[in-house]
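Structure, as structure tokens:
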Amino acid sequence: MDAAGASIRIAPSLLAADFARLAEEIRDVEDGGADWLHVDVMDGHFVPNLTVGPAVVASLHRVARRPLDVHLMIDDPWRYADAFVEAGAAVLSLHLEVARARPRDAQSLLRRLREAGVRTGMALNPDQDIRGIEPFLAELDLVLVMSVFAGFGGQRFLPEVLEKVGVLRGELDFRGDVEMDGGIGLDTIGPAAAAGVNVFVAGTSVFGAADRGARIAELRARAVAARS
Ligand code: DX5
Ligand code: ZN
């Protein structure tokens, strides 16, 4: 599949959901047309925030009907990757900032994840050069371009990151999924789609809407319109 043909997916970020009612929140966005469910895992070290671990992901997996897209914002993905695979992650993304410190180990982890049937991803913060991802590209099914600095929901979209998607789709000729995360909403999804993004994480925009299904449909419509 070429980049332009990669299918559009809307992935609501559960970080913006009501954590006391996660099963209902999941059902609501699944009924509303969500393609993937984005789960933000933070360790209080790689980012200054703490969220959920493998036990919660396993519980989510029991109620979810859509694939769990797990974004690891943690310093030691090697220690926890197997637990997230067992918990039912369909997509597992680690950060370039940690992979770069142990490139050989990162490549072997990615290979091992693929062998386990998991879709591999690598995320990078707005201050990271996209070319840093090159040594890992052959092992990646997905590249997650952060459009805010990882750590918190509800931040403002940084349009300067769109240029990286052009490099990824052009110079680096990446044909897999390109995901964007942070500040995606009705005004920013179009430019992201036009740049070559096909998987859109949206926390505040989806869970903050009174009608989540209508919001997901509108986001999708704008992404489709921007690509054609
Ligand atoms: C930020 C997380 C995002 C966050 C996005 O560190 O990776 O997934 O939930 O939230 P919004 O869509 O509100 O910017
Ligand atoms: Zn995320």
Side-chain angles (χ1 to χ4, degrees), residues 8-19 22 25-26 28-29 32 34-53 56-57 60 64 66-75 77 80 84 89-99 119-128 140-162 164-165 177-193 197-210 212 215-216 218-220 222-223:
I8 287 179
R9 296 192 179 93
I10 307 292
S13 167
L14 298 178
L15 193 60
D18 178 351
F19 272 49
L22 281 174
E25 297 279 72
I26 285 173
D28 193 23
V29 296
D35 300 289
W36 288 355
L37 300 167
H38 186 81
V39 183
D40 288 301
V41 174
M42 305 186 190
D43 66 354
H45 291 274
F46 181 71
V47 288
N49 197 3
L50 284 162
T51 55
V52 301
V56 174
V57 172
L60 299 177
R66 312 302 301 174
L68 297 179
D69 168 33
V70 178
H71 177 191
L72 296 180
M73 286 162 272
I74 65 177
D75 271 337
Y80 297 105
F84 285 105
V91 185
L92 204 53
S93 297
L94 48 137
H95 261 264
L96 169 65
E97 295 88 329
V98 298
R119 195 184 291 242
T120 55
M122 193 169 283
L124 72 165
N125 267 311
D127 60 355
Q128 299 296 308
L140 293 173
D141 299 310
L142 174 149
V143 176
L144 200 184
V145 178
M146 292 301 298
S147 39
V148 299
F149 281 88
F152 298 92
Q155 303 181 71
R156 195 181 62 85
F157 182 82
L158 300 170
E160 56 270 27
V161 305
L162 292 175
K164 292 185 205 179
V165 180
D177 288 314
V178 177
E179 181 171 36
M180 191 157 275
D181 182 6
I184 294 286
L186 295 176
D187 297 332
T188 52
I189 195 167
V197 175
N198 70 295
V199 182
F200 305 90
V201 177
T204 309
S205 178
V206 168
F207 285 100
R212 279 83 174 262
R215 178 56 53 89
I216 290 168
E218 183 62 22
L219 286 168
R220 192 187 309 281
R222 291 190 187 203

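Here the structure is a predicted model, which means the values were calculated and not measured. We count ligands from 1, going down the list as the structure has it; atoms in each ligand are counted the same way.
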Any non-hydrogen side-chain atom of Ile74 less than 4.5 Å from a side-chain atom of His45? no
Between the side chains of Asp40 and Ser13, does any donor sit under 3.5 Å from an acceptor? yes
Would you mind listing which atoms of ligand 1 come within a distance below 4.0 Å of any non-hydrogen atom of Met146? 7 (O)
Tell me the protein heavy atom at minimum distance from atom 2 (C) of ligand 1, and give that distance in Å. Asp40 OD1, 3.3 Å
In this structure, atom 12 (O) of ligand 1 is nearest to the protein heavy atom Gly203 N, 2.8 Å
Is there a side-chain contact between Thr188 and Ser147 in this structure, where contact means two heavy atoms from C-beta onward sitting under 4.5 Å apart? no
Please confirm whether the backbone N or O of Asp35 pairs with a side-chain atom of Arg9, one donor and one acceptor, at under 3.5 Å? no
To the nearest 0.5 Å, tell me how far Ile10 CD1 sits from Asn198 CG. 10.0 Å
Run the numbers for me: atoms of ligand 1, each under 4.0 Å from some heavy atom of His71, listed by number. 7 (O)
Proximal atoms of ligand 1 relative to His38 (non-hydrogen, under 4.0 Å): 8 (O)
Would a 4.5 Å heavy-atom cut-off, applied to side chains only, mark Leu72 and Leu92 as touching? yes
Distance only, no hydrogens: is a donor on one side chain within 3.5 Å (strictly under) of an acceptor on the other, for His71 and Asp69? no
With a 4.5 Å heavy-atom cut-off, do Val143 and Val145 have their side chains touching? yes
So, regarding Gly182 and ligand 1 (criterion: nitrogen or oxygen to nitrogen or oxygen, under 3.5 Å), is there a contact or not? no
What atoms of ligand 1 come closer than 4.0 angstrom to any heavy atom of Met73? 6 (O), 7 (O)
Counting each atom of ligand 1 from 1 as listed, which ones have a heavy atom of Asp181 under 4.0 Å away? 2 (C), 3 (C), 4 (C), 5 (C), 7 (O), 8 (O)
Consider every N or O of Gly183 and every N or O of ligand 1, then say whether any pair is closer than 3.5 Å. yes
Glu25 vs Arg212, test: salt bridge (charged side-chain N to carboxylate O under 4.0 Å, His left out). Steps then yes/no. CA-CA 10 Å; Glu25 297 279 72; Arg212 279 83 174 262; 3.0 Å; yes
List nothing but the number: protein N/O/S atoms under 2.8 Å from the Zn ion (ligand 2). 4
So is there a nitrogen or oxygen of Ser13 less than 3.5 Å from a nitrogen or oxygen in ligand 1? yes
For the residue pair Leu186 and Leu219, establish whether any side-chain heavy-atom pair is separated by less than 4.5 Å. yes
Any nitrogen or oxygen of Val201 lying under 3.5 Å from a nitrogen or oxygen in ligand 1? Just yes or no. no
N/O separation below 3.5 Å, Gly154 to ligand 1: yes
Contact with ligand 1 for Val148, non-hydrogen, under 4.0 angstrom: no
More than 12 heavy atoms of other residues, nucleotides or ligands under 6.0 Å from OH of Tyr80: yes or no? no
For Ile26 and Ala64, work out which heavy atoms get closest and say how close. CG2-CA, 4.2 Å
Per-atom filter on ligand 1: closer than 4.0 angstrom to a heavy atom of Ala202 are 12 (O)
Atom 1 (C) of ligand 1 sits nearest the protein heavy atom Phe152 O, 3.5 Å
Need the ligand 1 atom indices (1-based, order shown) with element for anything under 4.0 Å from a heavy-atom of Gly151. 1 (C), 6 (O)
Criterion side chain to side chain contact (heavy atoms under 4.5 Å, CB included) against Val201, the qualifying member of His38, Met180, Met146: His38
Note, Trp36 side chain near Arg119 side chain (heavy atom, < 4.5 Å): yes
Short list, please: which atoms of ligand 1 are under 4.0 Å from a heavy atom of Met42? 6 (O)
Under-4.0 Å heavy-atom contact with ligand 1, by part of Thr204 that carries it: both
Does the side chain of Ser205 come within less than 4.5 Å of Arg215's, by heavy atoms? yes
Closest approach of any protein heavy atom to atom 10 (O) of ligand 1, naming residue and atom: Gly153 CA, 3.6 Å
